[in-house]
Structure formats: C-alpha cells, structure tokens
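So the structure is just underneath, and the comments pick up after that.
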Amino acid sequence: MNDITPQLSEDQAEAFDNVTELLRSSGIDLEEGTTQPSMTINPRVLAITGKAGSGKTLLLAQLYRAMEEAGVDVISGDYEGRKRKDRRTLAILAPTNKAASVLRMRGVPATTIHRILYTPVYDPEYERIAEWLTGQGERPDVEGLTDVALDRAHAFYQTNKSIPGAMAAAGLRGSDFITGWKRREEELDVGMIDEASMLDDKQFEDLKEIFPNLILFGDPAQLAPVKQSGAMVFEKLPEPAVLNLERIHRQEATNPILDLAHALADPQLSFEDFERMIEGFSRKDERVVMGQRVEVDLMARSPVLVWRNATRIRLINAFRRVYDAPEDMLLEGEPLICDGLELPLKHRKKRLDLEARGLIKGAQVIYLGPGRKPGFSRLHVVGAEDPQVSAASIVKIEMPDEEEPFIPFAARMGAAFLHGAAVTIHKAQGSQWENVQVFAPDLYAASRMGRVEAGQPLWKRLAYVAITRAEERLFWVVRNRLSKPSAPLSTSDLIVPKAKLQLEVEEI
C-alpha cells in the first residue's frame, strides 16, 4: 500500500478503506496503484460525514492523491481530450465557486458542479494546442501564434494545469477558443462532492446520472437546503453507506472558534450561556472578538451573516450610506451576490456561457465598473480560477419596507445580482472568509422563538454554521450599530491572475 493511510487517524483510515473497497470493485485499485477499464455498475453512493475540524478535507485530499498516483485522470471542466477505453476519471466538486476555491487553496483541483455538468466546446484549430498541452498530441503550428507564445502557454500549464489560463498566457481570450457549452452526455467514473449538506434532491439525481461512484463529504450539523424540509441527501442513505468522523483534529491546535462550534452540541447550553462563553474567549484570545458594532471595512469582502432578511436589507443600506453610494449607480468595489439568470429558454447557450464562467446562483462577485456596452458590468467572481468577467447585469438594491427592489441600472436580460454586504446564514454555507461578523441580535431572536430543526434548536444550527465560516477571526456583534469606513472602497486588493483571461459575454 502507498504511504497514505498511516497519516490518518483511526476513523479516517476506516473511511479510507471503505472508499478503497468501493473503488477496487469498479476497477481502481489504490493499494496496487493500478486501474482497469470501467465496468458497468449501478450507481453507488458513500457519504463521509463529520463536524467542522473532523478531517473531512484532509481525507478528501489524501483520496485524490492516491487516485492520481493510481493513474486516474482528474477532470477540471476546462477541457477534455480524446476518449480512451482504458481511461478512468475523477472530478472533485463543490456547490459554489467559493467552496471550490477553499479546496484549491489546499492543493485539491476542485471545480463547481455546474462546471462539470456543462462542458466547453473548443474551436478545432485551438483544440490542437489543448491536446499538445495535455500530452495527447504534437506541438502544433497555429497561424497567429509565435513559438514564444506557445512556450508561455506550455510553461503556464506545467505549473497551473489550466487550459484556459495557458491559452491566456499565449495571448488568447476565452471567446477565441471556446465556441460554446454543452450538457455532458458521457458518464465519468468517480465524483467526490464537498459541502454535500448543500445539495438538493435535483442536484443529487443529476450527479448520480453522471457518476456511477459518488462519494459525498458533508457536515450533518449544518443547515439543510431551504426546500429540503430539514433533511440532507446523505441522511436518506442506508446506514452502512454513511461513515461518520468523530475525532476533532483541528481542536488539537486549540482553535477557539471550533471550541465554540462544538460547545453548541451541549443540549443544556442556553443562548445566554453561549454568549458568556464567547465573552470569556474574547478576553484571552484575539481570534474571538465581542463586537459592539458592525465593522464596515470588513463588509466589502466578507458579508455580515444574519438570520432575518429584514436585517440583511437594513445592513446593506447602512453600508451604502456610510460610503455615500449614489442611488443610481454602484461604486467600484461594492460586493454583489448572483441571484440567478434572467434569460428566456431560447437563450439557453447564453445561460450556459454565464454559468460556466462562474455566474451561478449564490456566486460572490465584486463590482469593478461599467462594461463597454450599456447594461454590462465588469466583475470579479470570488473564488473562480479566472475571475475577470464582463456580463450583462441586472442589479437589484432592496430597500427597507419596500416590496420591490430599486434597480440602479440593468440590461434587458442577463445575470441578476443582489447586494452582498450582508447575507443570510443559509446562503453563507459552503463559503469561508478570513474574518466573519455574526449579527448576534438575529440569533437571539431565533432563540426566543424556540424553533427546532432536525432535533436541535434552530439558533444553535444557525450559530454553528455562522461561526464555522470564520477561518481566522470571529466577530460576535452584539449591537445594531455600524462603524465608519477607514478609507474609500477600492479594488486594489483583488488578485489578478498571472495571465489575464478576460471572458466577455456577447450582448444578447
């Protein structure tokens, strides 16, 4: 056996062995490091569950490396070469760009579920470059591209394994080599899905159509999708198909945020006791802050997490007021959340274009300024591998006590956006930020209502999800007050890729 499982704890090793057995029966042997042609089997699903810090991401990463060593090809959604009968494939997926980027930062080549459901169609001339980069063809001679440009593309791909990024390094734009997008028809082999608590039944069925071997990683303490009646897809699986990781690894590093998250499992813990616990942590650890006001400087990149929609709208409008944002336009640097695509069925191709570029419902976006055409916006899609996008936009600013949102500007159709300075805890699932502000008065209101979800007080589930979004620092905001900004909004902090891939969506 390769030197992987000895690094795992007992419960992780047991889960690793169960996945190994599932894959061996389908022709992928992690112990021998070999693969055989795929065999037709009925879809099989295995779920690995555990609370924050239980090592789910570590286990996922170890499984990915073992499969890569065995010769399994990782499918990114950027480009797929010629089909081979003996080829075995793996896709590592997350529901949102932000969740996928969290994995990529840990060295795991993850992409979104949308990106794998829809595959790009390459122009045949430039497809020869992709085949060469992936080792499936000879170095091409392409009119208009110099040897120096091809060398840049090759050097980029050796480091980043991104075909669009390599094309951009050669001086090409996405519209030069991608002619459209199509719904995937052929099956892949293995799908590993992170943040599976966010999956709804429709997504789950779509994934089972594509992957005969599906491995879910999820946290049962999070909030179920809104339309799932409190149930997550892995909770409906038979008991032998669900493996739970009990040990909390990250607590060994005395992480106070995780200590608080796991304290919520105590059935005797009241909201008042929990706040006293937070206050105690804040006195001895700077990673926990008992905030007396919302820090507006943080809202531009990490939204305030709230329970009630009315609170969200009030905070968004307060954020815009302190920055003196005019009602008829956005300021560069304002955060947005994609609220879906407003396109008729006849524009299905345009919908696929937008989704493939990361503009799926829930995507976090930073406004960079107006596009070259009326109604277009230049956007930075947070967590996307190639974040710079120009797209037809419909921006909605919701107002307190108003049924209809105010629309400062809009294209006739395209990607719809809500403001992103504050979001509900439900929508925050799957995302993480270095600093997270949780609006405690909302959770207090939830505790007073006495609602229970899946056998646990709702306020505890909300608090668990909210505080585990924080990577480094948690701000528990106890007052309905807003600080003043220390500087004007800016976009200078946004990281631009080495190769600027400017993806333009043509006007409809």
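Just so you know, these numbers come straight off a predicted model, no measurement behind them.
- Taking every heavy atom of both residues into account, Asp219 and Ala52 meet most closely at OD2-N, 3.4 Å.
- Between the side chains of Ser54 and Glu246, no donor-acceptor pair is found at a separation under 3.5 Å.
- Ring centroid separation for the pair Phe274 and Trp476 comes in under the 6.0 Å cut-off.
- Asp200 contributes a side-chain N or O that, together with a main-chain N or O of Gln203, makes up a donor-acceptor pair within less than 3.5 Å.
- Residues Ala47 and Leu237 share a closest heavy-atom pair of CB-CD1, 3.8 Å.
- Within a 6.0 Å radius of CD in Gln456, other residues, nucleotides and ligands contribute more than 12 heavy atoms.
- If you run salt bridge (Lys or Arg N to Asp or Glu O under 4.0 Å) between Asp189 and each of Arg44, Arg87, Arg88, only Arg88 comes through.
- Using a 4.5 Å cut-off on side-chain heavy atoms (C-beta onward), Tyr64 and Val72 make no contact.
- Arg312 has its side chain out of reach of Val304: every pair of non-hydrogen atoms, C-beta onward, lies at least 4.5 Å apart.
- When atom types are taken as modelled, the side chain of Lys427 and the backbone of Leu305 share no donor-acceptor pair closer than 3.5 angstrom.
- A donor-acceptor pair under 3.5 Å is absent between the side-chain atoms of Asp194 and the main chain of Ala94, judged by distance alone.
- Val233 and Ala196 make their closest contact through CG2-O, 4.0 Å (heavy atoms, listed as atom of the first residue, atom of the second, distance).
- A 4.5 Å side-chain heavy-atom check between Leu46 and Phe234 finds every atom pair outside the cut-off.
- For Glu286 and Arg473, the salt-bridge test fails: no basic side-chain N is under 4.0 Å from an acidic carboxylate O.
- In this structure, Glu434 does not pair ionically with Arg301, as no charged nitrogen and carboxylate oxygen lie closer than 4.0 Å.
- Checking side-chain atoms of Gln429 against main-chain N and O of Ser197 turns up no donor-acceptor pair under 3.5 Å.
- With salt bridges taken as basic N to acidic carboxylate O contacts below 4.0 Å, none links Arg276 and Glu279.
- Smallest separation of non-hydrogen atoms from Gly77 and Ile116: N-CD1, 3.9 Å.
- Side-chain contact of Glu471 with Trp433: a donor-acceptor pair under 3.5 Å is absent, judged by distance alone.
- Arg183 places no side-chain N or O within 3.5 Å of a backbone atom of Tyr118 that could act as its donor or acceptor partner.
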Between Asp73 and Thr89, is the side-chain hydrogen bond (donor to acceptor under 3.5 Å, both in side chains) condition met? List the steps. CA-CA 5 Å; Asp73 287 347; Thr89 56; over 6 Å; no

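- Both the sub-6.0 Å distance and the 45° axial angle are satisfied by Lys208 relative to the ring of Phe204.
- Using a 4.0 Å cut-off between charged side-chain N and carboxylate O, Lys56 and Glu195 make no salt bridge.
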